[in-house]
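Note sheet for the following structure.
Predicted model, so just to flag it, every value in this text is computed and none were measured. Both counts, for ligands and for their atoms, begin at 1 and track the order of listing.
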Amino acid sequence: MTLSSTEKQRLKKKYGSWALVTGATSGIGLELAEQLASAGFNLIISSRHANRLNDTMLQIRRRHEVEIMVIQADMSDASAIGHVVQQVQHFDIGLLVLAAGFGTSGPFIDGSVHTEINMLRVNCESVLTLTHYYAQRFISKGRGGIILLSSMVAFQGVPYAANYAATKAYVQSLGEALAVELKPFGVDILAAAPGPVHTGFGARAHMTMRKALRPSDIGVPILKALGRKNTVLPGRLTKLLVYALNTIPRFLKIHVMKKVMLGMTNQRSKIS
Ligand SMILES: NC(=O)c1ccc[n+]([C@@H]2O[C@H](COP(=O)([O-])OP(=O)(O)OC[C@H]3O[C@@H](n4cnc5c(N)ncnc54)[C@H](OP(=O)(O)O)[C@@H]3O)[C@@H](O)[C@H]2O)c1
C-alpha cells in the first residue's frame, strides 16, 4: 500500500519536515518510517542496534532522497532517552512515532520479572517520557503529531500475555485522553491498535501468528488516520477481530483471548 500524493502533501504540510521514529529498524516502525520518507520527511530513527540502524538508513536512502540521522538508544534506560532528546533538540521535529516495543507470552509466574519490568519501561515509561516532552514542544509551536502503538489486546485483559496487554491498555488510555486534551493546541495524538502483524514481534514474544497482517497492510491506514481519528484499528483483520470481540461482554472477551493466546504462545507446554 502506498500513500496518495494528496495524503503525502497533507502530512508534510501539517507536521513539517522532520519525524522521529523509535523502533524504526523492524516491522511496523520500519514501515511507518519508509512511508514517511516517501512523503518527503527527513527522519531520525532509533533502536538498540547500531548495525540495524545503519542498514535501515541505507535501505531507506536507496529509495528516497531524504536526510536520515540514526540514534542508538535502549528505551528501557531513562538516561538513554534523555540522551536522545538532547541530541535532537535542534531539529524541527513535527511528528513523533513511538513504535519501539516488545511483548512476552506464557504463564505469568513463569516469566522473568526483570523482563516484564523491562517491557513496562519500553512500552510505557519511554512512551510517557517522550510524549510528555514532545507534547510540550508541539504545543509551543501550535502543531505536531504523535503516533502511539497500542494493540487490539489493549481492550481487555489477556491471559498468558497479561503484562503485555496491560502495557498496551496503558498506551491506549493515554492516547485516547491526550487526543482530546491536546487537540485545542493543534497537537494530534493517534493510538494505533493493530491485531496480529508478521514482524520481529512474534519471535521475541515466543508467539506463532498464523493469520496475521503484514506491516505494509497497516502503515498507510495509520498515517491516514493521524489528525482525523483518535484511535485506528488498521487493516481488515484488525477490524474484524475487534468488532467480533465487541459483540460479547468484557468478561467473556477475556476468556476468548485466553483461547487465542493458548493457540499462539510457544510456551504451551508450561500451561497445565
Ligand atoms: N506485531 C504485532 O502483532 C503487533 C500488534 C499490535 C501492536 N504491536 C506493537 O507495535 C510496536 C512495534 O512492534 P513490531 O511488531 O513492529 O515489532 P518488531 O518487528 O520486533 O520491531 C520492534 C522495534 O522496536 C525496537 N526495540 C525493541 N526493544 C527496544 C528497546 N528496548 N529500545 C529501543 N528499541 C527497541 C526494535 O529494534 P532493536 O531490537 O534493534 O532495538 C525494533 O526496531 C510494538 O510496540 C508492539 O507492541 C505489534
Side-chain angles (χ1 to χ4, degrees), residues 20-34 43-57 59-60 70-81 83-84 97-105 114-127 129-130 147-155 158 161 163-172 174-175 190-219 221-222 231-235 237-238 241-242 257 260-261 264-265:
L20 168 57
V21 184
T22 72
T25 54
S26 172
I28 300 167
L30 175 59
E31 169 66 19
L32 291 170
E34 282 258 16
L43 300 174
I44 296 160
I45 56 172
S46 156
S47 86
R48 288 171 303 170
H49 299 100
N51 54 344
R52 286 193 209 155
L53 282 165
N54 287 326
D55 290 349
T56 303
M57 178 177 69
Q59 180 187 324
I60 298 177
V70 305
I71 301 186
Q72 182 185 3
D74 186 337
M75 289 292 154
S76 67
D77 176 352
S79 63
I81 299 168
H83 180 61
V84 172
V97 178
L98 296 175
F102 74 97
T104 54
S105 71
H114 299 294
T115 306
E116 299 300 328
I117 290 170
N118 192 274
M119 181 166 68
L120 202 59
R121 291 194 176 127
V122 179
N123 293 9
C124 301
E125 192 180 336
S126 77
V127 169
T129 307
L130 288 169
I147 298 175
L148 307 179
L149 259 302
S150 169
S151 165
M152 67 166 280
V153 303
F155 305 112
V158 180
N163 188 38
Y164 173 64
T167 68
K168 292 298 161 179
Y170 171 86
V171 172
Q172 179 64 34
L174 183 75
L190 176 69
V197 188
H198 285 304
T199 64
F201 176 90
R204 190 163 177 199
H206 303 291
M207 286 182 202
T208 304
M209 294 175 188
R210 283 172 198 89
K211 207 161 175 48
L213 294 157
R214 292 161 302 170
S216 56
D217 297 323
I218 68 167
I222 290 174
T231 294
V232 61
L233 303 172
L237 179 65
T238 307
L241 294 171
V242 174
M257 288 308 287
V260 171
M261 274 312 300
M264 281 170 78
T265 180

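Closer than 4.0 angstrom to ligand 1 lie heavy atoms from G23, A24, T25, S26, G27, I28, S47, R48, H49, R52, A73, D74, M75, A99, A100, G101, V122, L149, S150, S151, Y164, K168, P194, G195, P196, V197, T199, G200, F201, R204, M209.
With rounding to the nearest 0.5 angstrom, the CD1 atom of I44 is 12.0 Å from the OG1 atom of T22. For the atom pair OG1 of T129 and CG of L98, the computed distance is 10.0 Å after rounding to the nearest 0.5 Å. Rounded to the nearest 0.5 angstrom, Q59 CD and E34 CD are separated by 5.0 Å.
The one candidate from I222, D217, I28 that meets the side chain to side chain contact (heavy atoms under 4.5 Å, CB included) condition with P234 is I222.
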I45/L53 under side-chain contact (heavy atoms from CB on, under 4.5 Å): CA gap, chis, key distance, verdict: CA-CA 7 Å; I45 56 172; L53 282 165; 4.0 Å; yes

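Between M209 and M264, the closest heavy-atom pair is CG-CE, 3.6 Å.
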